[in-house]
Amino acid sequence: MIDPILLGHNQFFGVNHLKASTGNAKHAYFSEIQRIMDVIEFSFDHGVKAMMMSTHDRAIDVADAIVKNPKLKDDLGIYLLLPYAAKYVRMANEKGIVNIITDALGGTSLKDKLGMVARGGMGVLRKDFKKILVTLIDFEMAQFNKLNLKSVFLHDVLTDLILGWNALDALEIFAAHVQEKYSAIPAFCTKNLPKLMQGLNQIGLENPLIMASVNKIGYQVNPSLDAFERCLHENQLRLLAMSTLAAGYLRPKEAYEYLFKLPNIASVVVGVSNTKHAVETFDEIRFRMRERDGVTA
Amino acid sequence: MNVAVVGVGKMGMLHAGIMNGFDDVNLCGMCDASKFLLGFAKNLTQVNAYTDYRKMLDKEKPDALLITTPVFLHIPMALECVERGLPFFLEKPLSLKGEESEELVQRIDERNLVTMVGYMMRYSETFARAKQVIDSGALGEIITFSSTIYVAQLFKTGKGWRYSKEKSGGGVVMGQATHLIDLLGWYFGRVNYVSGHTRAYYSEEVEDFAHVHFEFENGTTGWMDSTWSKRHHRLLEISIEINAKNGNLTVNDDELKFFLDSPAGGYDDGWTIINKPDLFEGVEFDIGGPHFSRQDRAFVDAVKSNRQVESNVKNAQAVQKIVDAIYHSAEHHGEPIKI
């Protein structure tokens, strides 16, 4: 069962889809982990018992604090998003992609194989590459293992790169590994929902859990709001809706009135940094969900 | 349309992935010196892999080549494309030095070959809209500007070709500030003089900080401050502020706002504030941001219709000559250098 409302994580890590300056300011404010924990506990107490968490360096401290908190430890569901892409873009600029991968695998039993890969490259067997992929996933997951993991999302940059290169096997490898090793629901974040659905249908992944931006002004919705809505109508999927307030452009009432008229909306991720607005947003989502499901209060 | 890519690093993966995601483009070949990356990609995709790009071009016969290799390889690869009459997209910056590209520019002109260099900020909504406002004449005479380009990337000695002067040609000015220099040229025209000051702190061979003063042919003057070692800037952030006779304008990646003393160029007096969501339009396939998709679409359409784009090799050469002058000036304590 997917939690209907998830606490978003972007504000904690300086991500803001409207203004980088706001993101940077919030990043400074939330440099005290206790301030993040206050928001998590506040949301938990108001019935939001799940959160998104990217594998940002700061998230490691948050994960530690959650594990130490008896109230949250077993009952806060974590939807992990990996990898924290901006970190790797910077690392790629700093030392190149090959160095990132070899450094990440450096301490593992794959190290010898890597030497072979670097020397022989093209001749190395397919199963070795599969091993490298899952080892990279494990490397990124290592700090977050102790949490109550409900789902693991592949970051949109990777999902969409894989789609662009038509390397659909990688999606399959990711999904199988998350399910087998972590008993979590494999999921994908994307900026290209119609194309992802095409790909997942091709590899036969049924009723997938997908996170994507959707809002009535079509902000950050590709290829168009029309095509996105059509895709929701024509496919079987569980959408975890993000950017539902269009980065603060829409009021909760108009935003959720629109959202819950769409089919296949399983859940909404909400960014909270101000507790007063948070309650208003949670209540509005619950009201619109009940309305959709025909439940009277 | 068939495209091939040489250099399967971060930018090669991005551009080749975006174009292959377009319905009318097929990625037919990839080439890289790293057998590791190539082997990885070969095991996961159906794209034919090569270690020699000439062999790839002979065999695959693509309609265009994406050159996303380290800078020192750009010119020889571009010349090979010209020789074959093959349109190409080249990741910025163009070359280690401006003068290296003289022959290339001349031969491209002779053949009227379609080229594009990856100055993608022109395809970012806010900066593109700012260009429209400037070109409308609403601001009146542009007097001065101040501008910054910052990212939190490097706080220790970097590894790899970007930090080797021989392979990259320079540091933050070459690698990142060229995006801003390209925008400034797009907005204000030809540069007359620059004077630059640079500082290396984390890097051994290249500059990590730069401050540059510009004088444009149209009389506009202003400065640019740049570093890749600015804490608390998660993403590459560009900001430009313009002071003009009829008002002022500020543009960054997120918003464009301007104030006019009196109505002009089809705009009202007072403040006009435009946010990114006001300008957003979905793209056919997005990896890493819609500006990359719009840029790649512009390239594909230009190749198909055999039409030149503004952001071509010739334009990139102008940027490169400014970079040369900045480095020259910085070596002489900021002495003004004529372009």
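Residue numbering restarts at 1 for every chain, and letters A, B, ... go by the order of the sequence lines.
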query: Distance-only, no hydrogens or angles: does the A:Asn222 side chain make a donor-acceptor pair with backbone N or O of B:Glu284 under 3.5 Å?
result: no
message: Do B:Lys276 and A:Tyr219 have side chains that approach each other closer than 4.5 Å (heavy atoms only, starting at C-beta)?
response: yes
query: Going from CD1 on A:Ile162 to CG on B:Leu44, what distance comes out if it is rounded to the nearest 0.5 angstrom?
result: 8.0 Å
query: Would the number of heavy atoms belonging to other residues, nucleotides or ligands and lying under 6.0 Å from NZ of B:Lys167 be above 12?
result: no
message: Can you tell me which portion of B:Val283 sits under 4.5 Å from chain A's heavy atoms? Options are side chain, backbone, both or neither.
response: both
query: By a 4.5 Å heavy-atom criterion (distance strictly below it), what part of B:Leu27 contacts chain A: side chain, backbone, both, or neither?
result: side chain
message: Using heavy-atom distances under 4.5 Å, tell me whether B:Leu236 contacts chain A through its side chain, its backbone, both, or neither.
response: neither
task: Would you mind checking which part of A:Ile217 comes under 4.5 Å of any heavy atom in chain B, side chain (CB onward), backbone (N, CA, C, O), both or neither?
output: side chain
message: Quick one: does any side-chain atom of A:Trp165 pair with a main-chain N or O of B:Met13 as donor and acceptor, under 3.5 Å?
response: yes
- request: Could you look at B:Val5 and say if it's the side chain, the backbone, both or neither that has a heavy atom under 4.5 Å from chain A?
  value: side chain
message: So for B:Met19, is it side chain, backbone, both, or neither that comes closer than 4.5 Å to the heavy atoms of chain A?
response: neither
message: Does B:Glu281 have more than 12 heavy atoms from other residues, nucleotides or ligands lying within 6.0 Å of its CD?
response: no
statement: chain B shares the most heavy-atom pairs under 4.5 Å, among A:Leu163, A:Val221, A:Leu168, A:Asp156, with A:Val221
task: Evaluate the criterion side-chain contact (heavy atoms from CB on, under 4.5 Å) for residue pair B:Gln46 and A:Asn166; output intermediate values, then yes/no.
output: CA-CA 8 Å; B:Gln46 288 79 47; A:Asn166 199 20; 3.8 Å; yes
task: Report the distance from atom CG of A:Asn192 to atom OG of B:Ser293, rounding to the nearest 0.5 Å.
output: 7.5 Å
query: With a 4.0 Å cut-off, would you call B:Asp286 and A:Lys195 a salt bridge?
result: no
message: Quick check on A:Arg35: does its CZ atom have over 12 non-hydrogen neighbours (other residues, nucleotides or ligands) under 6.0 Å away?
response: yes
field: Neighbour count above 12 (heavy atom, 6.0 Å) for B:Glu204 CD
entry: no
task: Drop me the distance from B:Asn43's CG to A:Asp169's CG, to the nearest 0.5 angstrom.
output: 9.5 Å
